[in-house]
Structures are given as C-alpha cells and as structure tokens.
Amino acid sequence: MKESRTLEFKREVSRSFLKTVSAYANFGTGKIIFGVADEGIAVGLADTDAAYLAIENAINDSIDPRPRYVLETARRSEKDIVVLTVFEGPDKPYYFRGKAYTRNDTADVVVDRTELNRLVLAGQNLSFEEAPAATQNLSFDILSDKLHERAGVSSANIDVLRTLNLYSSKNGYNNAAAVLADTNDFPGIDIVRFGASVNEIRDRRQLIGMSAIKQLDEAIATYRTYYQYEKIEGALRKTFEQIPEEAFREAVANALVHRLWDVSSNIQISMDNEGIAVTSPGGLPRGLTEKEYLDNRISNLRNPIIGNVFFRLDYIEMFGTGIERIKAAYEPFTAKPAFTVSKNYLTVSLPVVDAPTKPLTADERKVFDAFATNHLMSRSGLEQRVGLSPATTGRILRALVEHGLLTRIGAGRSTKYERTGDLRN
C-alpha cells in the first residue's frame, strides 16, 4: 500500500493529521492509518486505546464544524494500529485552525479564495451558477431573440426566466442569468488566428463582457470567415468547409456549458492553417472520469442551468453527446479530432479536412465529376451514369468519402452519396 489522495499514513498521533481530516471532509472520503510509516510498513502503536481517545478528542476540539468519521482498531503484520475514516460532509467548509484544506496528491494544502467560495456555496447546497448575481440590473434582449427564433417563445419575461431557473422571487437573478445577460462582468472567449507560425498573428478577437449566447454566435462567425468558402458550379453556389461546422459549434458550446465561470480565464480558441484548438478552463466536472468523458458514456454538467438553456436553443444535446457528435462530424474524413484532458483545462483539437493533395485517378475524377450536376445520387444511379463495374464504383466511392469529397447518407439499400468537398489542385 502507498499513500495517495485518499490514503494517509501516520507513524504516531500528532496534530498534523487534522489538516488531512479537513481535506477529506471538504473534498472526498479518505482514510488515515496510525501506526504505519510513510513507506507503508506497520510499526504499531504502544497504546491503541490512548491513541483512539487522542484522535477523537483532537477532531472534536479542532475541526469546525465537526465532521462525520469512524475510528477502528486493527492489527497489521502483528502490530496494533488505528484506522480513521473521514467522510466527505455536507456542511462545508470544514476548518482546522480557521483554514480549509484540500489534498494535492499526498499533501495537504490550504484552499485558495476561489475554492473556498465554492465550498461555502456547497455548504449551502448551491453551485456557483445558482448563487445570486452580484448585479441585478440585467437585460436579456439576446436571449429573448434566440428563444423567439429557436423555441417560439415570445419574449424572455420574468415568468420565462423563472421557468428557466434564471430568476427566483427570493434571490432575484442568479449567476447563470448574468452569464446569459446582454452584458456582464464574466470572462469570455479569446480567439487568435495565426499565420505561418505562432509569431504571426493575423487576427485577434476578444468576446468578453457579453452574453454567452453572443459569444457562441460570434465565434461561429469567425470560424466561417476562415474555414468556409463558396464556389459557383454552373448555376449553383455551394459552401465548402475545411473544418465541419457542427464539430466547431459543438466544441465551443460545450466549452461554455462546462467551463468554470468563477475563474478569470477566457476560453482560448487557436486557429491556424492546420486546424482549430478550443481550450476551456476547469478540467472535468467533479465525479466524471477521463474515460467516461472520452467514451461519452455519461453527462455531468458543471452548469446545468446554462446547459438547459443551450439545450432549449438547440446548441447542445442535454444528454452528453457532445464528443460523439464531434466525432460523427469527422466520420467521413481521414483526419480525426483529438481530446486532451488535464486537471485545469480541456482541449478539443479540430484538424482541417481539406480536399486530397494527391491527384485523383481518371476513374475517380469521372465519378467525382458525375456529382457536378446531381449532388445527391445512389450507388446504382451512379453506376448507370459512369458505366463502371459495381466493385470499381464501390471502391472509388469509399476513397472519395475518405478524402472528404463525398458524404455517405443513410444505410443499406437507401444509401446515397452527396458531394460535400471540392478539388483544389
């Protein structure tokens, strides 16, 4: 056994263990085993009854409020030890000598002001977005317009805001309402478009002090400037995407919904010729593992009120399909998105999916050109048009889908192919 975030060894009873008690009560159940050296070797206690009493008195006298815990005597390697289990409690923060502690790996550290504020809210059974907004002078024209456009709601009046859990008669507007208000004091999005290197900044936009809804719309507008282009083919004007818009919209919307709004950091959107990286502050929501996040198996919204509004506006899927939708948008292409998880941030990397640089073969070009006048065709219809064998046509269709020039729609006999890419060579 080794010491960890939830396991601590103490050779003897000394008051330093009370920092660990505070940390466990604040942030997660853990054990402290007395009579065991740091390397995990049992050395035993001379008098377990006295140790038991000393531990109990120290906790009761020094931790405020008193946490819930269990003390047990045991034997290990023929040595007498005492096992203390401290349970995470509902009455946070739990202080030792006026300070609240957390675990940093195997060390106990004093929480910073931001984390302390979160503990205070948790002790009141509130999240940050549920707490009353610092200012109650808020307007919601942007939200009102979006609700009318996307949900058929006439306006964002007080009754609608109350239904969306943005307002209560007791506390007025909450922080979630402030995030969605026309103007606010919260951080936003910082967009940088790089040139040939990170030393060459072609464009920079800071979307700060505005509704999270407007932040998303402005970010999408910037994306369209740099990663979409139009081409006239005969009488038709068609838009082509270097990066799937659905993937970008999903990445930014999820960053806004899952980010920590009580830290001053902006969401960072880095754009260059290779792709886009969307980085949101805050890491994973508590209780969600990296595997669960990457497998898209569970939805654990950090900001469920804001998430519910984005869901009603059809910006996100409420049940946590964000990563799945991003991956699905890249399904026709060789390039794939990447996801980076750390303690303090999440990054979604969206590579460019442009037309292939390798020239098409004569048969591939023949198939591709067949879509110029009819952008949507079945495989059998295409075979009749180009006069190629079923096997050859199938192989070429798979290659063109992989290159991002065609998209497969449907399955089985109803499968059709749509031209969605363009040759640039």
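Below, all heavy atoms of this structure are taken into account, side chains as well, without hydrogens, waters or symmetry copies.
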Going by salt bridge (charged side-chain N to carboxylate O under 4.0 Å, His left out), name the pairs with one or both residues in [range], residues two or more places apart or in two chains.
range: residues 12-34; result: none
range: residues 187-200; result: D190-R204, E200-R202
range: residues 252-281; result: R118-D262

Under the salt bridge (charged side-chain N to carboxylate O under 4.0 Å, His left out) test, residues paired with [X] that sit two or more places apart:
X: R162; value: D159
X: E245; value: R224
X: E8; value: K10, R103

| said: Check the orientation of Y315 and F310. Use parallel for under 30°, tilted for 30 to 60°, and perpendicular for over 60°. | reply: tilted

| query | Do the ring planes of Y227 and Y223 sit parallel (below 30°), tilted (30 to 60°) or perpendicular (above 60°)? | reply | parallel

| task | Taking side chain to side chain donor-acceptor pair (under 3.5 Å) as the test, write out the residues that go with R113, two or more places apart. | result | none

| task | Check ring-ring contact (aromatic ring centres under 6.0 Å, His included) between Y52 and all other residues, then give those that pass, not counting sequence neighbours. | result | none

| said: Could you report the tightest heavy-atom contact between A51 and L45, atom names first, then the distance? | reply: CB-CD1, 3.9 Å

| note | Tightest non-hydrogen contact, residues A219 and F248, listed as O-CE2, 3.4 Å

Using distance only, find each side-chain donor-acceptor pair of residues 137-145 under 3.5 Å and give its atom names and separation, not counting sequence neighbours.
residue: S139; atom: OG; partner: D182; partner atom: OD2; Å: 2.7
residue: S144; atom: OG; partner: A156; partner atom: N; Å: 3.2

| Counterpart residues, side-chain contact (heavy atoms from CB on, under 4.5 Å), relative to R75 (two or more places apart) | E78, D80

| message | Taking side-chain contact (heavy atoms from CB on, under 4.5 Å) as the definition, give me every residue that meets it alongside T29, ordered by chain and number, with sequence neighbours left out. | response | T85, F87, E88

| field | Within residues 98-120 or reaching into it, pairs that qualify as ring pair (Phe, Tyr, Trp, His ring centres under 6.0 Å) - sequence neighbours excluded | value | none

